[in-house]
Amino acid sequence: MKTFLTATAVAALMTSAAFADGHSKEIKMGVILGFTGPIESLTPSMAAGAEMAMAEVTASGKLLDGATVTSVRADSTCVDSAAATAAAERLITSDGIKAMMGPDCSGVTGAVLANVSVPNGMVMISPSATSPALSAAEDNGLFFRTAPSDARQGVVLATIMMEKGITSAAVTYTNNDYGKGFADAFEAAYVAAGGSVTLSAPHEDGKADYSAEVGALASAGGDALVVLGYVDQGGAGVIQGALDTGAFDMFAMGDGMIGDSLAERFGDDIAGMIGTAPGSDNAGAAMFQEMATAAGIDGTSVYAGESYDAAALMLLAMAAAGSMEPGDYGSRIFDVANAPGEPILPGELDKALEILAAGGDVDYQGATGVELVEPGEAAGSYAEFTVENGALKVVGYR
């Protein structure tokens, strides 16, 4: 909560200063994330990351003749599509947003895209919706994501496991679009590499007891248990059950499980675990983390950098188009995200706005080494995590 308040205060102060300086235009950006629900420990840093980009652009005074960018937050819940849709509709009809950063989880992202974004012509960039199914969604050119598809993450996780000699595994996944898509991608890659999936079974979030699920997974056996769920929900419940019964002592996990609360809850009980989440080793990542630390934000938190990049891309696209209207700037997102152009890193949005105002080109690389591929998603690289001495640690990049 301290991080949440500090980051919000920084953005509010910078916004107030911008108004005092006489900025005449206000651009509202919706930030729709699961502030409640199964990844609620991750979303404060994600929202704060996006708001860092907004504050940076506002402070520059160089977007559309000195426009002020303000954040309007809404709760996607991560899992309740009806609630997420209603929240997104309010952002457009009541709050008058011109861009949408989010949603976060794949199921609610698909619902908001189909029911709100497309009918209203609203550009949206998700920092964390990774279901492969979203690559084929009808989006009218309005939907982008700064996180890569789980079609690739499944291959990366399978490759790491095989390299470590883990040739059989049971798989449990959260019973939604994200979990099923990830599980299917992982199993296909793992089996193709020579691995064996002993059982692939869904679990429901929100249960108090996962002994039945753990029992079935234990009966199937395997060298490891692959958990493709949520760190603040059923995924953690399954791990707890597996540890309590001694069913598994080796775990592999996807991005929905990678958060500080994982290590805080399990510590060295899961030492040596394998985890994957979008991440890259580049100059932009280090710069973003330094900026975030100065603002009281955890810049190492999963998807914080992707959130900064999502907000920055929409704002730079507005500058390139000379308009805050989604119908005008949506087609410019690829232009500012990819070569040719001057490479732009975190903290350099002021420079990017100057270049665009002069009619030049930028190649926004940002915090995550942004490179968009069709149909509008990050080409993507992944950080490999483990737990060592009770803490999450990055041990390499893929």
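Bear in mind that the values here come from a model prediction, so they are computed numbers and not experimental data.
At a threshold of 4.5 Å between non-hydrogen side-chain atoms, the residues Asp350 and Glu56 do not count as touching. Side-chain contact between Pro148 and Glu377 is absent, with no heavy-atom pair separated by less than 4.5 Å. Counting heavy atoms from C-beta outward, Pro278 and Glu306 have side chains that approach closer than 4.5 Å. Looking at Thr172 and Val226, their side chains never come closer than 4.5 Å, going by heavy atoms from C-beta outward. At least one side-chain heavy atom of Lys207 sits under 4.5 Å from a side-chain heavy atom of Glu213. Side-chain contact between Tyr308 and Leu349: present, with at least one pair of heavy atoms (C-beta onward) separated by less than 4.5 Å.
Side chains of Asp309 and Tyr364: a donor-acceptor N/O pair is present below 3.5 angstrom, by distance only. A donor-acceptor contact closer than 3.5 angstrom is absent between the side chains of Asp177 and Ser131. Using modelled atom types, one finds no donor on one side chain facing an acceptor on the other under 3.5 Å when comparing Thr68 with Glu26. Counting only N and O atoms by type, the side chains of Asp75 and Thr77 include no donor and acceptor under 3.5 Å apart. Checked by atom type, the side-chain pair Gln289/Thr300 shows no donor-acceptor distance below 3.5 Å.
Of all heavy-atom pairs between Gly234 and His203, the closest is C-NE2, 3.7 Å. Here the closest heavy-atom approach between residue Arg152 and residue Gly380 is recorded as NE-O, 3.3 Å. Ser76 and Ala84 get closest at one heavy-atom pair: O-CB, 3.5 Å. Heavy-atom minimum distance, Ala252 versus Leu157: CB-CD1, 4.2 Å.
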Item to check | Test log, rule salt bridge (Lys or Arg N to Asp or Glu O under 4.0 Å), inputs Lys351 and Glu354 | outcome: CA-CA 5 Å; Lys351 180 174 80 171; Glu354 286 187 357; over 6 Å; no
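Taking a cutoff of 4.0 Å between a charged side-chain nitrogen and a carboxylate oxygen, Lys164 and Glu384 qualify as a salt bridge.
Heavy-atom neighbours of Glu325 CD from other residues, nucleotides or ligands within 6.0 Å: above the threshold of 12. Heavy-atom neighbours of Glu138 CD from other residues, nucleotides or ligands within 6.0 Å: at or below the threshold of 12.
Judged as a salt bridge (charged side-chain N to carboxylate O under 4.0 Å, His left out), and not counting sequence neighbours, Glu264 has no contacts.
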